[in-house]
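Only one structure is covered here, and it is reproduced in the block below.
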Amino acid sequence: MDTTLSVLQYDLVFNVLSLTIAAMFAAGLFFFGARTQVAPKYRPALLVSSVVVGIAGYHYYRMFESWKEAFTFADGAYVSSGVAFNEAYRYADWLITVPLLLVELVAVLGLSRAKSSSLLTRLTIASVLMLGFGYPGEISSEAGTRWFWWVAAMIPFLYILYVLFNELGRAVEDQTGDVRSLLGRARTVLIASWWVYPVAFLAPMIGLSGATAEVAIQVGYSIADLTAKALYGIVIYQLARAKTEADGWQEAPAAVTA
């Protein structure tokens with residue numbers, strides 16, 4: 001990465017990456033521990049939530065270390081050390097966690113097996129295509145190349161949002177009370193957070209350049225990941241709790257031993 005960063009720019013990315021690591025691992029511990037508070041049929045959603053943030057936390061740790069290695073301090077600024085910042089960690093993370101996020105959502109909706117299987121198959125294929133198209137543009141410094149792959153990746157991206165919006169919309173209409181409100185909130189968080197990714201990708205193509213573009217991309221992606229994984233997982237937990245209460249399930253009391 002042949003970029004010179006001010007101390008403020010370097011520290012901003014450094015601190016955001018550090019914050020994201022802590023938040024992901026803390027969320028993972030919470031989701032794993034909270035699984036016993038919901039009915040058994042909703043526990044897979046919380047287990048998937050803990051796996052998602054655990055995988056993300058690991059990859060953010062690797063990106064954090066790579067960020068430190070990519071720059072060295074000289075003459076009051078951070079300059080390239082000659083070691084490239086490894087952006088592939090982020091895409092490796094997304095390749096695993098994006099399909100899992102979709103599994104997480106479908107698991108908590110409680111759809112029939114046939115409907116869940118069909119929905120997951122379509123969404124998983126679309127998510128892999130989206131990431132496969134996005135990566136060549138992400139690592140390119142040519143505006144034309146980035147635009148081409150951005151447009152290509154937006155096709156499966158928009159398809160995913162369309163399917164989710166329709167499926168969630170029908171699920172919302174079928175519910176009442178807190179469950180309906182939380183499903184609506186889950187839809188809002190998911191769609192709003194996912195839109196940050198293509199916008200951050202555009203940073204070098206809409207007037208930002210050099211260090212400013214790099215900082216915007218790294219901070220934007222990190223905020224999107226925190227929202228789409230940790231915050232979204234909390235909404236999934238709240239939804240699982242609400243559906244558990246609506247089902248009338250109660251945890252069996254612990255056995256008393258003499």
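Being a predicted model, the structure only gives us computed values, none of them experimental.
Pairing each heavy atom of Tyr237 with each of Ala34, the nearest pair is CE1-CB, 3.6 Å. Minimum interatomic distance between Ala39 and Thr244 (heavy atoms only, all atoms of both residues): N-OG1, 2.9 Å. The heavy-atom pair separating Ala27 from Val53 by the smallest distance is C-CG2, 4.0 Å. Across all their heavy atoms, Ser66 and Ala84 have their closest contact at OG-O, 3.9 Å. Met154 and Pro198 get closest at one heavy-atom pair: SD-CB, 3.6 Å. Across all their heavy atoms, Leu231 and Thr227 have their closest contact at CB-O, 3.4 Å.
Side-chain atoms of Ser18 never come within 3.5 Å of backbone atoms of Phe14 as a donor-acceptor pair (strictly under, hydrogens ignored). Between the side chain of Arg241 and the backbone N or O of Val38 there is no donor-acceptor pair closer than 3.5 Å. With hydrogens and angles ignored, the 3.5 Å screen pairs no side-chain donor or acceptor of Thr97 with any backbone N or O of Val52. Ser81 contributes a side-chain N or O that, together with a main-chain N or O of Ala70, makes up a donor-acceptor pair within less than 3.5 Å. A side-chain donor-acceptor contact under 3.5 Å links Ser222 to the backbone of Gln218.
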(message) Run the side chain to side chain contact (heavy atoms under 4.5 Å, CB included) test on Phe85 and Glu69 for me, step by step, so that the C-alpha distance in whole Å, both residues' side-chain angles and the decisive distance to 0.1 Å come before the verdict.
(response) CA-CA 8 Å; Phe85 175 62; Glu69 294 173 358; over 6 Å; no
(message) Could you walk me through whether Val13 and Leu5 satisfy the side chain to side chain contact (heavy atoms under 4.5 Å, CB included) test, starting with their C-alpha distance in whole Å, then the side-chain angles of each, then the deciding distance to 0.1 Å, before giving a yes or no?
(response) CA-CA 10 Å; Val13 176; Leu5 302 175; 5.8 Å; no
(request) Decide side chain to side chain contact (heavy atoms under 4.5 Å, CB included) for Phe71 and Thr4; before the verdict, give the C-alpha distance in whole Å, the side-chain angles of both, and the deciding distance to 0.1 Å. (result) CA-CA 8 Å; Phe71 295 95; Thr4 298; over 6 Å; no
(message) Please evaluate residues Leu12 and Val215 with respect to the criterion side chain to side chain contact (heavy atoms under 4.5 Å, CB included), reporting the C-alpha separation (whole Å), side-chain torsions for both, the decisive distance (0.1 Å), and the verdict.
(response) CA-CA 8 Å; Leu12 177 58; Val215 171; 3.8 Å; yes
(request) Start with the C-alpha gap between Gln9 and Tyr78, add the side-chain angles, then the distance that decides, and say whether side-chain hydrogen bond (donor to acceptor under 3.5 Å, both in side chains) holds. (result) CA-CA 9 Å; Gln9 289 172 324; Tyr78 282 90; over 6 Å; no
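Rounding to the nearest 0.5 Å gives a distance of 11.5 Å between CZ of Arg122 and CD1 of Ile160. Annotation: the span from Leu46 atom CG to Leu239 atom CG amounts to 10.0 Å, rounded to 0.5 Å. The distance from atom CH2 of Trp194 to atom OH of Tyr232, rounded to the nearest 0.5 Å, is 9.0 Å. Note that CZ of Arg43 is 10.0 Å distant from CD of Gln37, once rounded to the nearest 0.5 Å. One finds the CG atom of Asp225 at 7.0 Å from the CE atom of Met63 (value rounded to the nearest 0.5 Å). We find the CG-CG distance between Leu101 and Leu123 to be 11.5 Å, quoted to the nearest 0.5 Å.
Residues Leu19 and Phe30 do not share a hydrophobic cluster, clusters being chains of Ile/Leu/Val/Met/Phe/Trp/Tyr side chains in contact below 4.5 Å. Both Trp67 and Ile223 belong to a single network of hydrophobic side chains, linked directly or stepwise wherever heavy atoms of I, L, V, M, F, W or Y lie under 4.5 Å apart. Connection of Ile236 to Ile96 is established within a shared hydrophobic cluster, with ILVMFWY side chains joined at heavy-atom distances below 4.5 Å, either directly or through further cluster members. Under the 4.5 Å side-chain heavy-atom criterion for ILVMFWY residues, a single connected hydrophobic cluster contains both Tyr10 and Val7. By the rule that hydrophobic residues join a cluster once side-chain heavy atoms approach within less than 4.5 Å of another member, Val196 and Trp149 end up as members of separate clusters.
Counted within 6.0 Å of OH on Tyr61, heavy atoms from surrounding residues, nucleotides or ligands total 12 or fewer; the atom is thus considered open.
Ion pairing between Lys68 and Glu65 holds under the 4.0 Å rule for side-chain N and carboxylate O. Classification of Asp93 and Arg62 as a salt-bridged pair fails, no side-chain N sitting under 4.0 Å from a carboxylate O.
Checking each of Val51, Leu47, Ile234 against Phe31 for a side chain to side chain contact (heavy atoms under 4.5 Å, CB included) leaves exactly one that passes, namely Ile234. Partner of Phe157 under the ring-ring contact (aromatic ring centres under 6.0 Å, His included) criterion, out of Tyr162, Trp150, Trp195, Phe201: Trp195 alone.
Annotation: side chain of Tyr42 is not in contact with side chain of Arg35 (no heavy-atom distance under 4.5 Å).
The aromatic rings of Tyr197 and Trp94 stand perpendicular to each other, their planes meeting at an angle above 60°, with 30° marking the opposite boundary.
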Which atom pairs, donor and acceptor, lie under 3.5 Å between side-chain atoms of residues 133-140 and protein residues at least two apart or in another chain?
from   : atom 1 : to     : atom 2 : distance (Å)
Glu138 : OE1    : Tyr91  : OH     : 3.1
Glu138 : OE1    : Tyr221 : OH     : 2.6
Ser140 : OG     : Glu142 : N      : 3.1

